[in-house]
Amino acid sequence: NNVDAGNRELYLAKISETAAQMNNSVNNILQFSRSENAAIPVSKSEVNVAEIVKSIISDNEQKIGEKGLKVDFDEKTAPTLNTDKELFRQALGNLINNAVLYSKEKTSVTIECNDEQIKITNVMAEPIENINKIKEPFIKASSSRENGGTGLGLAIAENDLAMLKYTLNVK
């Protein structure tokens with residue numbers, strides 16, 4: 001009540017940012033819980049991988065620009081899969097989002113697709129201390145991950161992919 005107009009805007013922006021982070025955390029925990037218990041029904045259909053990858057890149061456009069990243073993706077080699085579109089998009093979205101968020105500035109994120117695998121390659125801003133733990137829930141691989149994330153993205157991706165009979169390998 002007794003806050004000047006200039007600070008009201010600042011406080012409102014901070015409250016909105018914190019509420020969005022909390023909402024994201026709650027959504028990630030719910031997604032993880034559903035994926036961990038395989039509580040999500042799998043509904044397969046023909047899925048164009050190129051369309052999904054292009055959509056995810058578009059979703060990450062702002063962060064890509066802020067970090068000066070170059071994203072290399074050749075859509076001509078991307079297959080069409082018979083899989084659950086929503087689960088697949090969620091998993092791939094988490095993987096590409098992580099690659100963008102934790103890439104060193106002014107480097108490249110490369111996404112290669114073929115009938116055998118989808119490979120996402122990036123240069124990390126900081127080394128990963130324990131690659132064997134990175135897919136565990138609530139584990140953040142390095143201090144660069146202090147961005148309000150929950151440490152659930154790779155765990156959700158791995159669970160989603162397992163439900164779809166795919167394997168997530170991290171190197």
Side-chain angles (χ1 to χ4, degrees), residues 24 27-125 127-128 130-137 139-142 144-145 147 149-171:
N24 185 47
N27 284 336
N28 279 340
I29 290 167
L30 290 172
Q31 285 177 345
F32 175 69
S33 177
R34 284 192 301 265
S35 71
E36 185 176 51
N37 296 316
I40 302 170
V42 175
S43 176
K44 291 186 175 187
S45 63
E46 292 296 307
V47 175
N48 183 320
V49 174
E51 286 179 11
I52 290 177
V53 171
K54 289 189 300 185
S55 171
I56 295 166
I57 291 169
S58 177
D59 292 347
N60 284 277
E61 214 167 82
Q62 180 178 352
K63 193 67 171 172
I64 290 167
E66 288 171 4
K67 295 186 84 170
L69 298 174
K70 180 181 179 213
V71 177
D72 295 316
F73 172 59
D74 182 2
E75 66 182 272
K76 292 183 287 250
T77 61
T80 298
L81 300 175
N82 186 24
T83 192
D84 185 292
K85 184 175 185 175
E86 296 308 313
L87 285 174
F88 187 75
R89 189 191 195 293
Q90 178 175 279
L92 201 53
N94 284 350
L95 297 172
I96 294 172
N97 183 54
N98 272 8
V100 168
L101 284 176
Y102 306 118
S103 285
K104 185 176 181 176
E105 289 187 4
K106 296 180 176 40
T107 60
S108 293
V109 174
T110 304
I111 304 165
E112 301 172 84
C113 302
N114 60 44
D115 291 332
E116 299 297 316
Q117 69 178 353
I118 297 172
K119 182 177 177 181
I120 303 167
T121 308
N122 68 316
V123 176
M124 299 296 294
I128 297 174
N130 188 344
I131 194 75
N132 296 323
K133 290 186 150 265
I134 195 171
K135 296 188 289 183
E136 292 180 20
I139 299 295
K140 296 181 182 183
S142 69
S144 71
R145 295 178 181 246
N147 64 355
T150 58
L152 289 173
L154 292 179
I156 291 169
E158 183 171 50
N159 288 345
D160 288 351
L161 292 171
M163 281 190 280
L164 300 172
K165 309 291 187 231
Y166 301 122
T167 304
L168 174 61
N169 294 311
V170 180
K171 298 178 184 177

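All values derive from a computational prediction rather than experimental measurement.
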Using 4.0 Å as the upper bound for N to carboxylate O, is an ion pair formed by Glu105 and Lys67?
-> no
Would Asp59 and Asn97 satisfy side chain to side chain contact (heavy atoms under 4.5 Å, CB included), going step by step from the backbone distance to the final call?
-> CA-CA 9 Å; Asp59 292 347; Asn97 183 54; over 6 Å; no
Any side-chain heavy-atom pair from [X] and [Y] closer than 4.5 angstrom?
X      : Y      : result
Asn60  : Ile57  : no
Leu92  : Ile120 : yes
Ile111 : Lys119 : no
Leu164 : Val42  : yes
Ile118 : Tyr166 : no
Tyr102 : Val123 : no
Lys106 : Leu69  : no
Met163 : Leu87  : yes

Atom CD of Glu46: over 12 foreign heavy atoms under 6.0 Å | yes
If you look only at distance, which donor and acceptor atoms sit under 3.5 Å apart when one is on a side chain in residues 47-56 and the other is two or more places apart or in another chain?
| residue | atom | partner | partner atom | Å |
| --- | --- | --- | --- | --- |
| Asn48 | OD1 | Ala50 | N | 3.0 |
| Asn48 | OD1 | Glu51 | N | 3.1 |
| Lys54 | NZ | Glu75 | OE1 | 3.2 |
| Ser55 | OG | Arg89 | NH2 | 2.7 |

Quick one: list whatever passes side chain to side chain contact (heavy atoms under 4.5 Å, CB included) with Asp72, sequence neighbours left out.
-> Lys70, Ser108, Thr110
Point-to-point distance, once rounded to the nearest 0.5 Å, from [atom1] of [X] to [atom2] of [Y]:
X     : Y      : atom1 : atom2 : value
Asn82 : Lys44  : CG    : NZ    : 6.0 Å
Ile96 : Asn122 : CD1   : CG    : 11.0 Å
Asn94 : Leu161 : CG    : CG    : 9.5 Å

Stepwise, does the side-chain hydrogen bond (donor to acceptor under 3.5 Å, both in side chains) test hold for Glu66 with Gln62?
-> CA-CA 6 Å; Glu66 288 171 4; Gln62 180 178 352; 3.0 Å; yes
For [X] and [Y], which heavy atoms make the closest approach, and how far apart are they?
X      : Y      : answer
Asp74  : Thr77  : O-OG1, 3.2 Å
Cys113 : Ala78  : CB-CA, 3.7 Å
Ser103 : Val109 : OG-CG2, 3.5 Å

Under the side chain to side chain contact (heavy atoms under 4.5 Å, CB included) rule, what do Gln90 and Ile156 come out as? Steps first, then yes or no, please.
-> CA-CA 8 Å; Gln90 178 175 279; Ile156 291 169; 3.2 Å; yes
